[in-house]
Amino acid sequence: MGEKGAAPFEIEALYRERFGVFVRGATAFLRNGDAALEVVQDAFALSLRHRRRFRRESDLEAWVWSIVLNAARDRLRVSGRPSQQDPSTSAVEIELLHDEGELKELLLALPERQRLAIFLRYYADLSYAQIGEALGVKPGTVAASLNAARGVLRQQLQGVRT
Amino acid sequence: MTKLAAVLDGLVTDAPVERSSWDDVLARARRTTQRRVGLATAVAALIAIVLATPALGLGNGLMGIFDGTPVEPARVPASDLHVLSAMVHGVSPRVPASRQEDATRFQAASLRQLAVREGRTYFAARAEGGGTCVAIGEVGAKHLFGSMSCAPDFPSSARPLLDESVWRGPGLDGGKGADLQISRLEGFAADGVASVGLLVADGKIVAVTQVEDNVYLRRDDLPGEPVLGIVALDKDKRVITIACMARGGCPGAK
């Protein structure tokens, strides 16, 4: 049995250092910045409330990510589907659609685990072990998910180039 | 995979990365706590609160303790760290403890600096088993903590103040309680206490002092007459509670 519990200052330090990373990852998943902000704020509040459940042999950031992702999934369940983009970003989106629209659609159509593995790897730069903790799977499963996702996307990239 | 990077970057163009607010997180954590308290024990707790403090309902032990700035262990001299660790653990500082034990207890206590006021620094820490330990120190002193005390029921509706005032007079050594005079009004107040005053003869409240960051301090314009009690006031200047120190009880505040 490992030691349990995270100190509030540790959670606060994580928040102050990595807020941008959390909110970017949540935005990618929810497709809505305001909703992502709500989820991240609520998730850190929850992590404070439940900090004694954290096991110190685990990774604190991965543990908080698991709370963020659960909160995000709950939000998606309530709303039924990812929210529409903020109109202020639509211009950027349109530009992307011309060049990388198909790739984007393909990325967003990936199974949730593959998509989240890519998001956590890209936005948060988490290790496979951390991603595994955040998603509740083994590191080997993370590697397999990322390989599968990259395989699908690589095919699409080749298609874009030709 | 630069195209993939471009797509991933494009997904988060509206991410509100500049809108971080730890205070908002703390407020949400408190709301969550209050909602949880509201389930099983709400009725009993509400009755107790209403009976004890008709002026307002105070939250539970979370309030105040998460505010302030975390104090890193490296900032705390070893002797102070040991004393605080012992007190939050509920044992005498004379009881020896290993550095690891002290460090573990210190970490669990999540010591926070609440305020610096007129050259004095105010700290609060979570006591094991509930309640709060508070400490006050002089800025620049060798020791971080000049005084320290713990209360298992602070902050709560039953005890919204943890007073650390300095008193003088025969009342301290068993004389007439009504002869207590105050040299420095100082202490810690729960969320919801907006100001603190002194109850004197005829039920008058004088030297009303604002509470900021859960701390109150007044050195000047203190009454020369005996003080009967300390009064906690809400934002509308209504009396929350009176900590009576006069023998035979205190008159109602006017």
Side-chain angles (χ1 to χ4, degrees), chain A residues 3 5 7-13 15-16 19-29 31-34 36-38 40-49 52 85-86 88-89 91-93 95-97 99-101 103-108 118-119 122-123 150 153-154 156-157 160-161, chain B residues 1-37 60-62 64-76 88 100 103-113 124-126 128:
Chain A
E3 191 182 352
F9 72 82
E10 292 177 302
I11 297 172
E12 179 180 352
Y15 178 88
R16 294 190 187 282
F19 170 81
V21 168
F22 277 96
V23 85
R24 277 162 59 90
T27 299
F29 185 47
R31 307 294 317 285
N32 182 300
D34 290 334
L37 179 64
E38 284 294 307
V40 170
Q41 295 294 97
D42 279 342
F44 269 91
L46 267 178
S47 67
L48 277 176
R49 286 283 309 136
R52 288 185 179 82
Q85 283 284 311
D86 184 317
S88 65
T89 65
V92 178
E93 293 292 314
E95 285 180 23
L96 278 170
L97 282 170
D99 257 2
E100 291 121 5
L103 178 59
K104 177 183 167 186
E105 284 181 18
L106 208 58
L107 173 68
L108 296 177
I118 288 179
F119 289 166
Y122 182 76
Y123 298 117
R150 285 171 182 149
L153 297 176
R154 191 172 292 115
Q156 175 64 18
L157 283 174
V160 169
R161 289 192 188 101
Chain B
M1 297 276 275
T2 55
K3 285 193 180 297
L4 177 58
V7 168
L8 288 165
D9 288 340
L11 289 178
V12 296
T13 50
D14 72 332
V17 294
E18 305 298 325
R19 288 165 61 188
S20 71
S21 168
W22 183 246
D23 287 342
D24 177 58
V25 171
L26 295 176
R28 289 170 192 244
R30 288 193 193 105
R31 285 200 296 271
T32 306
T33 302
Q34 286 161 0
R35 281 197 296 270
R36 284 171 179 271
V37 168
N60 68 358
L62 269 182
I65 194 70
F66 280 137
D67 292 334
T69 307
V71 179
E72 296 297 334
R75 186 185 156 195
V76 185
V88 298
Q100 180 59 39
T104 302
R105 291 169 185 167
F106 181 90
Q107 188 178 48
S110 57
L111 177 70
R112 303 186 78 86
Q113 178 178 310
R126 187 188 306 279
E128 290 182 24

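Just so you know, these numbers come straight off a predicted model, no measurement behind them. Residue numbers start from 1 in every chain, and the chains themselves are labelled A, B, ... in the order their sequence lines are given, proteins ahead of strands.
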Among the listed options B:R19, B:E18, B:E72, the residue most often paired with chain A at heavy-atom distances under 4.5 Å: B:R19

Nearest 0.5 angstrom please: A:Y123 OH to B:L11 CG, how far? 4.5 Å

Heavy-atom pair of closest approach, residues A:A45 and B:A29: CB-N, 3.6 Å

Given heavy-atom pairs under 4.5 angstrom as the criterion, report whether the side chain, backbone, both or neither of A:F119 touches chain B. side chain

Counting only non-hydrogen atoms closer than 4.5 Å, does A:A36 touch chain B with its backbone (N, CA, C, O), its side chain (CB onward), both, or neither? neither

Going by the angle between their ring planes, with limits at 30° and 60°, are A:Y15 and B:W22 parallel, tilted or perpendicular? tilted

4.5 Å side-chain heavy-atom contact, A:R24 and B:L8: no

Are side-chain heavy atoms of B:V17 and A:T27 found at a separation under 4.5 Å? no

Segment of A:L108 engaging chain B (4.5 angstrom heavy-atom cut-off): side chain

Side-chain contact test, heavy atoms from C-beta onward, threshold under 4.5 Å: evaluate it for A:F9 versus B:L111 and give yes or no. no

For residues A:V23 and B:A15, report the shortest heavy-atom separation together with the two atoms involved. O-CB, 4.1 Å

Part of B:T69 within contact of chain A (heavy atom distance under 4.5 Å): neither

Write down the atom of B:Q107, the atom of A:A7, and the distance for their closest heavy-atom approach. CG-CB, 3.8 Å

Hey, could you give me the OG/CZ distance between B:S21 and A:F19, rounded to the nearest 0.5 Å? 8.5 Å

